[in-house]
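Keep in mind the model is a prediction, meaning the values are calculated, not measured. Along the sequence shown, the residues carry numbers beginning at 1.
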Amino acid sequence: MTMDLVPVWLVQGGWVIWILAVGSVISIAAILYVFARHSAAKLPLTPRRTEALLAAALGPEGHVARAPYEVLAAMASKLHRTGTPRQDILDELTILATEQLNELRTGMRLLEVIAGAAPLMGLLGTVLGMIEAFKQLEMAGSQIDPSVLSGGIWQALLTTAAGLIVALPALIAWHHFDRGLENARIAMNALLARISNALRASERAGYAN
């Protein structure tokens, strides 16, 4: 790649801009990855699907599950058919739900780091740029050219703007995904409670017979 093909602002911003450019690519990749994972997990859980999962939890083992809710229902069905005590089933489901939610957080930590580090990296570039600008003024001595200072400040502030541009999408995406996981956690707890009630009712029916 020749310098003629590189945007002027990317060259004038220095090495900080290059780091932020790489960070933006990583951020976009992380956003797409987490979005794909959450879409495959079928978030959020709808009431209609909740009823279907409750039926599956006490019924025969169904198809190979992919979404966390389906995994919970399949596990409940498997343990219930083997005669596992209700409390043991709930303990296993709780552990499984925690593992599923932790897996869905893969990639989100990277977004959180980029959202926090990008503005600081931009600020670092600004400070370094200002130092260089005032250094050039000092070297100019009495023949001070205002354009030297203004040009240096412009280049310095460029990194701050770039840092904010990289950080904002990552921050917004992180909050969006985190909200989705919080809703998933609430839905899973509700599903576990309803599975517990269904298992208790099944036990009572078995005792009655």
query: Taking all atoms of both residues into account, what is the closest heavy-atom pair of Leu192 and Leu90, and its distance?
result: O-CD2, 4.1 Å
query: Measuring from Thr94:OG1 to Gln87:CD, what's the distance to the nearest 0.5 Å?
result: 8.0 Å
message: Between Leu164 and Leu158, is there shared hydrophobic-cluster membership here, with clusters defined by ILVMFWY side-chain heavy atoms closer than 4.5 Å?
response: no
query: Is it true that Ile19 and Leu128 fall in one hydrophobic cluster, defined by side-chain heavy atoms closer than 4.5 Å?
result: yes
message: Run the salt bridge (charged side-chain N to carboxylate O under 4.0 Å, His left out) test against Asp178 and tell me which residues pass, sequence neighbours left out.
response: Arg105
- request: State whether Arg179 and Glu182 are salt-bridged, where the test is any N-O pair (Lys NZ or Arg NE/NH1/NH2 against Asp/Glu carboxylate O) under 4.0 Å.
  value: no
For a quick test of your reading: what N or O donor-acceptor pairs under 3.5 Å do the side chains of residues 106-126 make, sequence neighbours left out?
unit_1 : atom_1 : unit_2 : atom_2 : d
Thr106 : OG1    : Glu103 : O      : 2.8
Arg109 : NH1    : Glu112 : OE1    : 3.0
Thr126 : OG1    : Gly122 : O      : 3.1
Thr126 : OG1    : Ala156 : O      : 2.8
Thr126 : OG1    : Thr159 : OG1    : 3.1
Thr126 : OG1    : Thr160 : OG1    : 2.2

Exercise answer: donor-acceptor pairs, residues 21-35 side-chain atoms, under 3.5 Å, sequence neighbours excluded:
unit_1 : atom_1 : unit_2 : atom_2 : d
Ser24  : OG     : Ala21  : O      : 2.5
Tyr33  : OH     : Arg37  : NH1    : 2.9

task: Say whether, by atom type as modelled, one donor and one acceptor occur between the side chain of His38 and the main chain of Gly180 under 3.5 angstrom.
output: no
- prompt: Below 4.5 Å, heavy atoms only, C-beta onward: do Arg185 and Leu181 meet side chain to side chain?
  reply: no
